Amino acid sequence: MPLGALLVLLLLGGAGPASAHAALDSTDPGDGAVLRRAPGHVTLAFSESVGLRDDSFRVLDPGGHRVRTGDTGHADGRSETARVALPGGLGEGTYTVAWRVVSADSHPVSGAFTFSVGKPSTTVASVDTGPTEDPLTTNLHRIARYLSYLAAALLIGTAAFVALCRPPDAAPLRRPLAAGWWMLLGATVALLVLRAPYEAGTGPSGALDPDALGDTLTARPGVLLLIRLALLGPAALFLARMFRTPVGDRHPRPGPLAATAGGALAVALALTWAASEHASAGIQVPAAMTSSTLHLLATALWLGGLTALLLTLRSAGDTATVARFSRVALASVTVLAVTGVYQSWRGLGSWQALTGTTYGRLLLAKVVLVAVLLAAAAVSRRWTAALAATAAAQEPARERVPQPAGGPPAPEPPTAPADTGGAAPATAALRRGLRRSVLAEAVVAAVVLAVTTVLTGTQPGRAVDEAARTVPAGGVLPASVTTIPFEIGTAGRGTVQITLDPGRTGDNAVQAVVFGPDGSLAAVPELRLSFTLPDQHVGPIDAELVDRGGYWSANTVTLPLPGTWTMKTTVRVSEIDQVSEVRRIRVER
C-alpha cells in the first residue's frame, strides 16, 4: 500500500459493504434465546464462505460438560454456513456454543453464544469467546509468513534484475537467487506443517498429528501451499537455464520464450498469496486478486532489485545497469501507488477505522515507513543521476584523424580504463554514496515488509466495522464478552468473564463471573469495574457491581459515546491483596 495509503483519505466516502475475516451474521438458535423444546441443530451464518474443522463446534451443558454432537457441515450446501447436529433429550438450562472456523482469507475466527432450553440457568459454563491462539504457534507462523514474503522478493526481484537490468557480471547474483529459492522452500514447508495447529489454536506439537496434516492438504490454504511448492521445481529449472551461458559470456540473457515462462512463473507464485489472503474474500474479488498480485510483484521487483543492485555495486556495476534499475524502480513505485490506493480503500472502509482499528493503525505506521523509503529512493536517484553525468563527462572523445590515401590505418586512440578499483576519485565517491543510500532503502524496505506481514494477518477495518454492526436473526444484539486472566498469588491464575450487554452506547447490563485456576467458580471479597474513554476525556465511570452469590452484576451502566473504551477490572483476592487488569473494548453506537 505504499504511497497509495497517503491518498486513501480522499477515497473513503461511499464505500459499499465488504468482509475479509468472516463475520458472524446470525445464529440459530439466536444468542440468548429461550426455547420451549431442545433444537436438533445449531446453525451459524457468516458474511463469507468458511472452512470447517472436526472441532469447529463445542457445546457445553449447564454444568460445563461437553455435549456429544453429530457431524459438522454446511447447511443446505451453502459454504457461508456451519451446522452441527445436537443429540436428543437435552435437559433444561443454558447451553454454551463455542465455534471456530477458517474464513475465506485463511485466517481462523472464533466466538461463542448461549441459548436456553426451558429457562435460563443461574450460572453459565465458562468459555473463551475470543480466538484462542497458542502464542508460540502464532509467532512461528508469523515468522514463516514473513520469511516467505522476503524469499519471494529476493527470488523474483533478483531474477528480474538479471533479465531487465543486464548487469555486466551476474555471477555474484547466483548466491542470493539460491538463498531465495531455498528460503521460500523452507518457509512454505513450515507454513504447511504449522497450518493445522494454527487453525486449531494449539501448540506446535499439533503439527505432528498425521490426521490433522491430511486435513490441511485437502483444504484450500493447504492446496495453495502445495501449488507454491510445485512451482518451485520449474522455477529452479528456469534459473539453471538462465545461467547456462556460453563460455566468456558473463551476462545470462533469457530469450523471449524463456522470459515469458519466467514471468508466468512469477505471476503464478504471487497468485498463491493473493488467493489465500484478504483479496480472496469480500467485494470485487477478481479486481482485488489482480491488485494484490501486481502489488506483490512490484514489491519484489523493488526490494529484490535493491538487494541485487547492492551486490552489483560491490563488484563491478556499471552506470547503465544502475540507470536501468532506476527506471524499473520508478515503474514499481507507480504500480504500488495505484494498487495501494485500491487496497487501502477496500480494507479500511471508514475514516474511523484509520485510527480506531489495529488494521488502520498498522496502515498508518506503514505509510510513515514508506515515506522514509521514498525519501531514501529519491536520494538514490540523485546519486544515480550524478554518477551518470560523471561517467558521461569521462567518456573519451574519439578524434577523427586524417589518413593518407592508401596508407596504413591510423592507430586507435587509447580508451579510458574500466571504472573499477582504479576509477576516478569522483566516480568512486559517487558509487560509495549510492551504495549507502541503496543499503538504507533495503533496510527500510525489509521493515516495511515486516509490517505488511502483520497487516495481512490483521482483520481489516471494514470487516471489524461490519462485524460490530451485525444484528443476528430476531434483532437481538450480541453482548460484548471479555475474559481477563489475573494472578492469585501463589495459587495460580484465575479469570474474570465480563459480559457487557448489549455493548452499545446508552444503558448496559454488566455480569462478571470469577473462575479459579481449576475453572470452577471462585469467591472473592471484592470486584470493581470502571470504564474510561481517553480520546474524549470521559470517565472513569464506575459499574456498581453487586455480589449475587456466584457472580457479580450491575443492572445499569451508561456509556454515553461510541469508541474504544478502557475497562479496568480490580479483583481483591484477600483482605490485603488485590490485582488490577486493563482491557480495551469497542463500544458501538
Side-chain angles (χ1 to χ4, degrees), residues 19 21-48 50 52-53 55-67 69-70 72 74-75 80-87 90-103 108-132 201 459 463-464 466-483 495 497-504 508-513 515 551 553 585-586 588:
S19 318
H21 282 37
L24 180 64
D25 284 340
S26 64
T27 67
D28 183 16
D31 184 19
V34 180
L35 310 175
R36 291 184 179 180
R37 293 193 299 267
H41 297 85
V42 168
T43 305
L44 309 181
F46 295 91
S47 59
E48 63 183 45
V50 293
L52 304 179
R53 302 172 45 82
D55 58 348
S56 280
F57 286 96
R58 288 184 297 121
V59 181
L60 306 180
D61 65 17
H65 303 100
R66 187 165 182 174
V67 175
T69 58
T72 300
H74 296 290
E80 72 278 8
T81 64
R83 170 176 286 183
V84 65
L86 299 177
L90 291 181
E92 186 178 88
T94 300
Y95 291 80
T96 302
V97 180
W99 54 268
R100 187 176 183 89
V101 298
V102 181
S103 58
V109 290
S110 60
F113 67 96
T114 63
F115 69 90
S116 300
V117 178
K119 64 179 182 179
S121 305
T122 56
T123 61
V124 180
S126 171
V127 61
D128 187 355
T129 58
T132 55
Q459 189 172 26
V464 171
E466 180 178 297
R469 296 174 186 273
T470 298
V471 179
V476 180
L477 291 169
S480 168
V481 183
T482 306
T483 301
T495 57
Q497 181 175 285
I498 300 169
T499 303
L500 185 68
D501 191 5
R504 299 295 195 267
N508 288 264
V510 178
Q511 283 190 345
V513 184
F515 299 93
Y551 70 99
S553 72
I585 63 169
R586 186 74 186 166
E588 299 296 332

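Keep in mind that the numbers below use all heavy atoms, side chains included, and drop hydrogens, waters and symmetry copies. The structure presented is a predicted model; accordingly, all values stated were derived computationally and were not measured.
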Q. Any idea which heavy atoms bring P29 and L35 closest together, and the distance?
A. CG-CD1, 3.7 Å
Q: Provide the closest heavy-atom pair for H41 versus A85 in the form atom of the first, atom of the second, distance.
A: CD2-CA, 3.7 Å
**Q.** Closest contact, heavy atoms only, V117 versus P39
**A.** CG2-CD, 4.4 Å
**Q.** Counterpart residues, side chain to side chain contact (heavy atoms under 4.5 Å, CB included), relative to A75 (two or more places apart)
**A.** T43, R78, T81, R83
Q. Rounded to the nearest 0.5 Å, how far does CZ of R58 lie from OG1 of T96?
A. 10.0 Å
**Q.** Pairing residues for P87 by the side chain to side chain contact (heavy atoms under 4.5 Å, CB included) criterion, not counting sequence neighbours
**A.** V67, L90
Q.
Which label fits F115 and Y95: parallel for a plane angle under 30°, tilted from 30 to 60°, or perpendicular past 60°?
A. parallel
(Q) Do T114 and V97 have side chains that approach each other closer than 4.5 Å (heavy atoms only, starting at C-beta)? (A) no
Q) What heavy-atom pair brings G118 and V34 nearest, and what distance separates the two atoms? A) O-CG1, 3.5 Å
Q. So V102 and V50, side chain to side chain contact (heavy atoms under 4.5 Å, CB included) or not? Walk me through it.
A. CA-CA 5 Å; V102 181; V50 293; over 6 Å; no
Q) Looking at side-chain heavy atoms only, is the closest gap between W99 and V84 below 4.5 Å? A) no
Q | Counterpart residues, side chain to side chain donor-acceptor pair (under 3.5 Å), relative to S56 (two or more places apart) | A | none
Q: Compare all side-chain heavy atoms of T27 with those of V42 and state whether any distance is below 4.5 angstrom.
A: no
